[in-house]
Enquirer: 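Attaching a single structure in structure tokens format; questions to follow.
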Amino acid sequence: MASPSTVPETPLLKDELDIVIPTIRNLDFLEMWRPFFEPYHLIIVQDGDPSKTIKVPEGFDYELYNRNDINRILGPKASCISFKDSACRCFGYMVSKKKYIFTIDDDCFVAKDPSGKEINALEQHIKNLLSPSTPNFFNTLYDPYREGADFVRGYPFSLREGVATAVSHGLWLNIPDYDAPTQLVKPRERNTRYVDAVLSIPKGTLFPMCGMNLAFNRELIGPAMYFGLMGDGQPVGRYDDMWAGWCMKVICDHMGWGVKTGLPYIWHSKASNPFVNLKKEYNGIFWQEELIPFFQSAVLPKECTTVQKCYLELAKQVKAKLR
């Protein structure tokens with residue numbers, strides 16, 4: 001009989017979470033993630049040429065969708081899913097039936113903490129999502145629910161229960177998530193700084209959400225996690241995840257939910273071409289200077305009691321004010 005210490009623990013949220021991966025290549029990177037991902041269901045969204053065969057390592061439970069599947073399932077509405085852009089991942093959010101989603105890019109590998117231990121990014125995201133957020137009052141010890149921390153003196157007791165966490169935004173070691181101009185002036189810069197912290201993004205504060213290491217409560221905020229239409233035929237690129245982040249944050253603030261950022265780290269291995277990125281981002285660099293004030297001033301009426309109603313109201317305001 002095995003001793004209790006040798007009995008493997010059931011992975012957290014094993015039957016309640018899907019891992020969504022957008023890709024154009026064979027998924028050899030999954031081998032490194034096997035100890036952490038193998039118990040979970042994967043939804044792979046193949047971008048680009050649907051006639052290309054994508055190979056997935058054996059032993060994983062997965063569904064794979066390509067552009068033909070998207071066209072077949074969505075029909076005339078298929079144009080809302082980006083083509084030749086990682087924003088195609090939001091098709092995976094749509095077909096999932098699970099409560100939680102973790103999404104990761106195929107150039108992201110297992111990082112190590114300063115002690116040399118491999119980081120189980122998925123487990124940390126789950127811990128973030130299952131513990132409350134504190135967007136309404138900042139705690140100077142960051143996450144007060146973490147072991148070894150608590151609420152500091154002066155923190156209102158009426159706010160210590162916190163609110164539900166809708167989104168967990170992870171970070172990256174090695175290649176930072178920079179825009180093209182910053183890539184061009186800092187081509188050799190690498191992030192080697194591991195900050196052992198998670199914090200709630202304050203209410204009323206926007207942030208640039210990166211989709212390559214991200215988890216969210218699909219049941220809570222799913223309808224707002226639409227990655228903006230980018231890629232083939234679109235005037236702007238590389239703003240899909242940020243668009244979703246701005247919409248999501250305005251809605252979370254309105255609905256009273258929280259967003260966390262910080263741990264977990266992944267190892268981002270591939271720097272995209274800054275000249276290609278600049279061509280994609282050029283219009284967006286100007287556009288964001290108009291977008292940010294719009295989202296900062298966006299107010300949702302009290303009649304918006306669901307995420308769907310909030311998103312439709314935001315869409316009306318976008319149409320009226322962002323021409």
Side-chain angles (χ1 to χ4, degrees), residues 11-13 17-45 47 56-57 60 62 86-90 92-93 100-130 142-143 146 165 167-179 182-183 189-199 201 207-217 225 227 238 240-242 244-245 259-272 277:
L12 289 168
L13 302 181
L17 180 143
D18 279 332
I19 299 173
V20 175
I21 305 168
T23 191
I24 58 170
R25 59 182 62 86
N26 294 335
L27 293 181
D28 301 325
F29 92 114
L30 285 173
E31 286 295 352
M32 194 177 193
W33 287 103
R34 186 180 291 277
F36 308 129
F37 288 4
E38 197 169 26
Y40 294 88
H41 180 68
L42 313 182
I43 298 177
I44 301 161
V45 184
D47 196 17
V56 181
F60 288 94
Y62 69 92
S86 68
C88 66
R89 77 180 79 220
C90 60
Y93 308 162
Y100 299 96
I101 295 286
F102 169 53
T103 187
I104 186 169
D105 285 2
D106 61 11
D107 60 354
C108 296
F109 296 88
V110 178
K112 293 182 179 179
D113 67 19
S115 74
K117 182 183 176 183
E118 291 192 334
I119 298 166
N120 184 347
L122 177 53
E123 182 181 53
Q124 179 64 51
H125 274 300
I126 291 170
K127 288 178 178 177
N128 290 350
L129 290 171
L130 293 182
Y142 303 116
D143 188 351
R146 186 174 174 179
T165 301
V167 174
S168 170
H169 179 257
L171 299 175
W172 344 268
L173 292 172
N174 197 33
I175 308 290
D177 186 33
Y178 284 161
D179 52 39
T182 310
Q183 282 183 303
E189 183 154 296
R190 299 294 181 264
N191 181 35
T192 59
R193 194 163 60 111
Y194 178 97
V195 180
D196 188 11
V198 177
L199 64 150
I201 299 175
F207 75 109
M209 187 176 82
C210 173
M212 74 170 113
N213 175 24
L214 182 72
F216 60 93
N217 184 326
M225 295 298 284
F227 280 40
R238 286 170 53 82
D240 50 301
D241 43 5
M242 286 182 281
V259 178
K260 292 184 177 184
T261 189
L263 302 180
Y265 284 91
I266 51 84
W267 181 269
H268 184 211
S269 68
K270 189 182 69 185
S272 47
N277 289 347

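The model shown is predicted, which means the values in this text are computed figures rather than measured ones.
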Enquirer: Are S272 and Q183 side-chain neighbours, meaning at least one heavy-atom pair lies under 4.5 Å?
Expert: yes

Enquirer: To the nearest 0.5 Å, what is the distance between CZ (F216) and CZ (F102)?
Expert: 11.5 Å

Enquirer: With no hydrogens and no angle check, is any side-chain donor or acceptor of W172 less than 3.5 Å from a backbone partner on N213?
Expert: no

Enquirer: Write down the atom of S86, the atom of D47, and the distance for their closest heavy-atom approach.
Expert: N-OD2, 4.4 Å

Enquirer: Would you mind reporting whether I175 and R190 have side-chain heavy atoms less than 4.5 Å apart?
Expert: yes

Enquirer: Quick one: does D177's side chain get under 4.5 Å of H268's, heavy atoms only?
Expert: no

Enquirer: Atom OH in Y142, atom CG in D196: separation rounded to 0.5 Å?
Expert: 11.0 Å

Enquirer: Applying the side-chain contact (heavy atoms from CB on, under 4.5 Å) criterion to Y265, which one of N174, V195, D113 satisfies it?
Expert: V195

Enquirer: Side chains of N128 and Q124: donor-acceptor distance under 3.5 Å anywhere?
Expert: yes

Enquirer: Any ion pair linking D105 and R89 (charged N to carboxylate O, less than 4.0 Å)?
Expert: yes

Enquirer: Rounded to the nearest 0.5 Å, how far apart are CD of E118 and CE of M32?
Expert: 5.5 Å

Enquirer: Which is it for I21 and F29 under the side-chain contact (heavy atoms from CB on, under 4.5 Å) test, yes or no, and what are the steps along the way?
Expert: CA-CA 11 Å; I21 305 168; F29 92 114; 4.1 Å; yes

Enquirer: Between the side chain of R34 and the main-chain N/O of P57, is any donor-acceptor distance below 3.5 Å?
Expert: no

Enquirer: Here's a test for you: under side-chain contact (heavy atoms from CB on, under 4.5 Å), which of D18, I19, L17 qualifies with H41?
Expert: D18

Enquirer: To the nearest 0.5 Å, tell me how far E123 CD sits from L12 CG.
Expert: 6.0 Å

Enquirer: Does Y93 reach the side chain of V20, with side-chain heavy atoms less than 4.5 Å apart?
Expert: yes

Enquirer: Within a strict 4.5 Å, meaning less than it, do heavy atoms of the W33 and I104 side chains meet?
Expert: yes

Enquirer: Quick one: does any side-chain atom of H125 pair with a main-chain N or O of P264 as donor and acceptor, under 3.5 Å?
Expert: no

Enquirer: Any donor-acceptor pair under 3.5 Å linking the side chain of E189 with the backbone of P176?
Expert: no

Enquirer: With a 4.5 Å cut-off on side-chain heavy atoms, are M209 and M225 touching?
Expert: yes

Enquirer: Nearest 0.5 Å, what's the CG-CG distance between L27 and D106?
Expert: 6.5 Å

Enquirer: Once salt bridge (charged side-chain N to carboxylate O under 4.0 Å, His left out) is applied, do any residues pair with D107, and if so which ones, sequence neighbours excluded?
Expert: none

Enquirer: Okay, side chain of Y194, backbone of K112: is any donor-acceptor separation there less than 3.5 Å?
Expert: no

Enquirer: Looking at L214, is its backbone amide N or carbonyl O close enough to the side chain of T103 to form a donor-acceptor pair, meaning the two atoms are under 3.5 Å apart?
Expert: no

Enquirer: Let me confirm one number: the CZ-CG distance from F36 to L30, rounded to the nearest 0.5 Å.
Expert: 13.0 Å

Enquirer: Can you see which heavy atom on L173 is nearest to which on A111, and at what distance?
Expert: CD1-CB, 4.0 Å

Enquirer: Mind running side-chain contact (heavy atoms from CB on, under 4.5 Å) on Y178 and N191 for me, showing each step along the way?
Expert: CA-CA 11 Å; Y178 284 161; N191 181 35; over 6 Å; no

